[in-house]
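Structure record follows, encoded as structure tokens.
Side-chain atoms are counted along with the backbone in the values below, which use heavy atoms only and exclude waters and symmetry mates. Here is the naming used below: chain letters follow the sequence lines, and residue numbers restart at 1 for every chain. Everything numeric here is computed off the predicted structure, so don't read it as measured data.
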2 protein chains.
Amino acid sequence: MLSQVESSEPHVHFRPHQFLMREDEEPAVIFQIDEGWACRYRQLSDGRRQITALYLPGDYCDPQWALGRKPSQPIVALTNVRASCLPCRPPTTSAGGTQSAFWLSLNDMIERQTNWLVTLGRKTALERVAHLLLELFERLRRSGLTYGQQCAMPLTQMEIADMTGLTPVHVNRTLQLMRTRGLVELQAKWLRIPDLGALRQAAAMRAQGVAA
Amino acid sequence: MLSQVESSEPHVHFRPHQFLMREDEEPAVIFQIDEGWACRYRQLSDGRRQITALYLPGDYCDPQWALGRKPSQPIVALTNVRASCLPCRPPTTSAGGTQSAFWLSLNDMIERQTNWLVTLGRKTALERVAHLLLELFERLRRSGLTYGQQCAMPLTQMEIADMTGLTPVHVNRTLQLMRTRGLVELQAKWLRIPDLGALRQAAAMRAQGVAA
DNA sequence: CGAGCGGTTGACTCTAGTCAACAACGGTGG
DNA sequence: CCACCGTTGTTGACTAGAGTCAACCGCTCG
């Protein structure tokens, strides 16, 4: 169930539910996801689970490992994952300064995390799910993984629940509501967003700069 | 209402409700809090507010500014604040590597933020408030600002609510409950924790390493 | 063919939110 | 010195959004 990383091998594969990293393990490398989705989470002793980060193609996993101590949360593959292995102390630290793609990606991750604090603390179920689907679409679009108004959406409703802090049942009802309002079309692990502006409004997100 | 920072002056003062940084402003310096409390927050268009970070004495404000673009959230003083001004591109970047106090503090901040994702996503009102009071006490203790089982607690119930994603009314009821259970004594902006272990359990936090 | 997972729906419960009134406190200005 | 006023804290009655429990469907994969 645990990944066997060979330092001489720059690529690794993982199956769904396979760990990329276990809690309190010393990371040997930082992964860069080439294909597939993964997530970081914490599980409480009574079973409640919260997903705290989602890793999509192109993402570093995890950039924070370059900063300090051991990871405090496990990371698990959600789909089949193909990843490259980078050294844990990226040369960018001393070389390219803080403006390198690597450090900017850490900045982005912190930014997303902060946005989720607002969503989990203050938003309704519909706003939460809208935030998630919107973020997925826009991140995938930046990586060229969208097709018109559509993109892949392999998450189960259970996983959406663990991401949005809701129960699977309520996620289901919320998705129904969004469908009837024409905010999203979601079926067969495929997402279509008819009106991005409407979804952004439903998510109560900050207005998005066009040039960004 | 806005701070006047002179680059030749290494110290600045702020009054309660005064901004250390406004949204989308270009930071000229990174503050290090010498005294007092501040917070970062986001406010939604309908008034809902979520505090996303708390800055206590010793904290950098904000370490993330060394990484990238403009801050997307305002920072405001909660009490009187005295702070030092550090350059935005800390020499530590190229010099001391990623193990410097500065980068470790960024790591800590991300860690705390991740813990709050779990709390806001999955925990009950009592667990949320317990998490907050516990974190405050332990951060202040690390800075030598606790006195036995006690520490300062200048936050209003309104601010606790904006931190924990609750309403002020419910924060009040929750504090009452915690008082009757003997978990905390809180009065006159002063917090006493009779049994740290009990509070940790009530907060449903990960068990804390003794040596940490 | 059967088991198990993911999705759907209904009925009911309960935690937290809302609205409203009032008390306690602190600072300000007459 | 004290009356006034805004802020903070407290309490009660009621509401609503999300959780719980349970049943059932459809599909995929051994």
Side-chain angles (χ1 to χ4, degrees), chain A residues 15-17 37 44 46-51 78-80 119-133 152-181 184-191 202 204, chain B residues 15-17 37 44 46-51 76-80 119-133 152-181 184-191 202 204:
Chain A
R15 300 230 149 252
H17 306 120
W37 296 23
L44 303 183
D46 61 359
R48 286 176 288 178
R49 189 175 90 132
Q50 178 67 41
I51 293 176
L78 294 165
T79 66
N80 283 318
T119 291
L120 294 176
R122 289 303 187 194
K123 294 193 190 168
T124 65
L126 194 142
E127 288 167 334
R128 293 177 192 211
V129 176
H131 177 172
L132 176 59
L133 298 181
M153 223 305 284
L155 299 182
T156 65
Q157 293 184 357
M158 178 83 177
E159 286 156 352
I160 297 177
D162 285 340
M163 188 82 216
T164 54
L166 302 168
T167 54
V169 172
H170 202 62
V171 165
N172 183 291
R173 291 192 230 270
T174 304
L175 283 173
Q176 303 290 5
L177 182 59
M178 294 178 75
R179 280 192 263 250
T180 64
R181 292 197 187 168
V184 298
E185 292 163 35
L186 182 55
Q187 55 189 315
K189 305 295 177 195
W190 207 248
L191 168 68
Chain B
R15 300 230 147 254
H17 305 119
W37 296 22
L44 303 183
D46 60 0
R48 285 176 290 178
R49 189 174 89 131
Q50 177 67 41
I51 293 176
V76 75
L78 295 164
T79 66
N80 283 319
T119 291
L120 293 176
R122 289 301 187 195
K123 294 193 191 170
T124 64
L126 193 141
E127 289 167 333
R128 292 178 193 211
V129 176
H131 177 173
L132 176 59
L133 297 180
M153 223 306 281
L155 299 181
T156 65
Q157 294 184 358
M158 177 84 177
E159 287 156 352
I160 296 176
D162 285 341
M163 188 83 214
T164 54
L166 302 167
T167 55
V169 172
H170 202 63
V171 165
N172 184 293
R173 292 192 230 270
T174 304
L175 283 174
Q176 303 290 6
L177 183 59
M178 294 178 76
R179 278 191 265 251
T180 65
R181 293 198 187 169
V184 297
E185 291 163 37
L186 183 55
Q187 56 189 313
K189 305 293 177 198
W190 207 251
L191 169 67

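No donor-acceptor distance shorter than 3.5 angstrom exists from the side chain of B/Arg179 to the backbone of B/Val184, with no hydrogens or angles considered. Side-chain N or O atoms of A/Glu185 include none that pairs as donor or acceptor with a backbone N or O of A/Leu191 at under 3.5 Å. No donor-acceptor pair closer than 3.5 Å links the side chain of A/Lys189 to the backbone N or O of A/Ala152. Side-chain atoms of B/Arg128 come within 3.5 Å of backbone atoms of B/Lys123 as a donor-acceptor pair (strictly under, hydrogens ignored).
Protein atom CD of B/Gln187 is 15 Å distant from nucleotide atom C1' of D/dT10, rounded to whole Å. Between B/Leu186 atom CG and D/dG9 atom C1' there is a gap of 11 Å when expressed in whole angstrom units. Counting to the nearest Å, the P atom of C/dT8 and the CG atom of A/Leu175 are 8 Å from each other.
End-to-end axis angle of the helix from C/dC1-D/dG30 to C/dG30-D/dC1, from C1' rotation axes over five pairs per end: 40° (rounded to 10 degrees).
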The contact string for nucleotides 24-29 of chain C, one letter per nucleotide 5' to 3', using protein heavy atoms under 4.0 Å with B, S and - for base, sugar-phosphate only and none, comes out as ------
How does protein contact run along nucleotides 16-29 of chain D, one letter per nucleotide 5' to 3', with B for base contact, S for sugar-phosphate only, - for none, heavy atoms under 4.0 Å?
--BSBB--------
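Taking the side-chain hydrogen bond (donor to acceptor under 3.5 Å, both in side chains) definition, one finds that B/Gln157 meets it with B/Asn172, sequence neighbours left out. Partners of B/Leu177 under the side chain to side chain contact (heavy atoms under 4.5 Å, CB included) rule, at least two apart in sequence or in another chain, are B/Leu126, B/Thr180, B/Arg181. Here B/Thr124 pairs with B/Glu127 under the side-chain hydrogen bond (donor to acceptor under 3.5 Å, both in side chains) rule; sequence neighbours left out. Residues satisfying the side-chain hydrogen bond (donor to acceptor under 3.5 Å, both in side chains) test with A/Arg15, not counting sequence neighbours, are A/Asn80. Residues meeting the side chain to side chain contact (heavy atoms under 4.5 Å, CB included) test with B/Ala130, sequence neighbours left out: B/Met178, B/Leu199, B/Ala202, B/Ala203. Remark: B/Arg49 engages B/Asp162 in a side-chain hydrogen bond (donor to acceptor under 3.5 Å, both in side chains) (not counting sequence neighbours).
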Apply the test side-chain contact (heavy atoms from CB on, under 4.5 Å) to residues B/Thr156 and B/Glu159: give CA-CA distance (whole Å), side-chain angles for both, the deciding distance (0.1 Å), then the verdict.
CA-CA 5 Å; B/Thr156 65; B/Glu159 287 156 352; 3.4 Å; yes
Assess whether side-chain contact (heavy atoms from CB on, under 4.5 Å) is satisfied between B/Thr164 and B/His131, documenting all intermediate values.
CA-CA 9 Å; B/Thr164 54; B/His131 177 173; over 6 Å; no
Evaluate A/Leu120 against A/Gln50 for side-chain contact (heavy atoms from CB on, under 4.5 Å), listing each step before the verdict.
CA-CA 11 Å; A/Leu120 294 176; A/Gln50 178 67 41; 3.8 Å; yes
Check nucleotides 4-7 of chain C for protein N or O atoms closer than 3.5 Å to its own N or O atoms and list the pairs.
from, atom 1, to, atom 2, distance (Å)
C/dG7, OP1, A/Lys189, NZ, 3.4
C/dG7, OP2, A/Gln157, N, 2.7

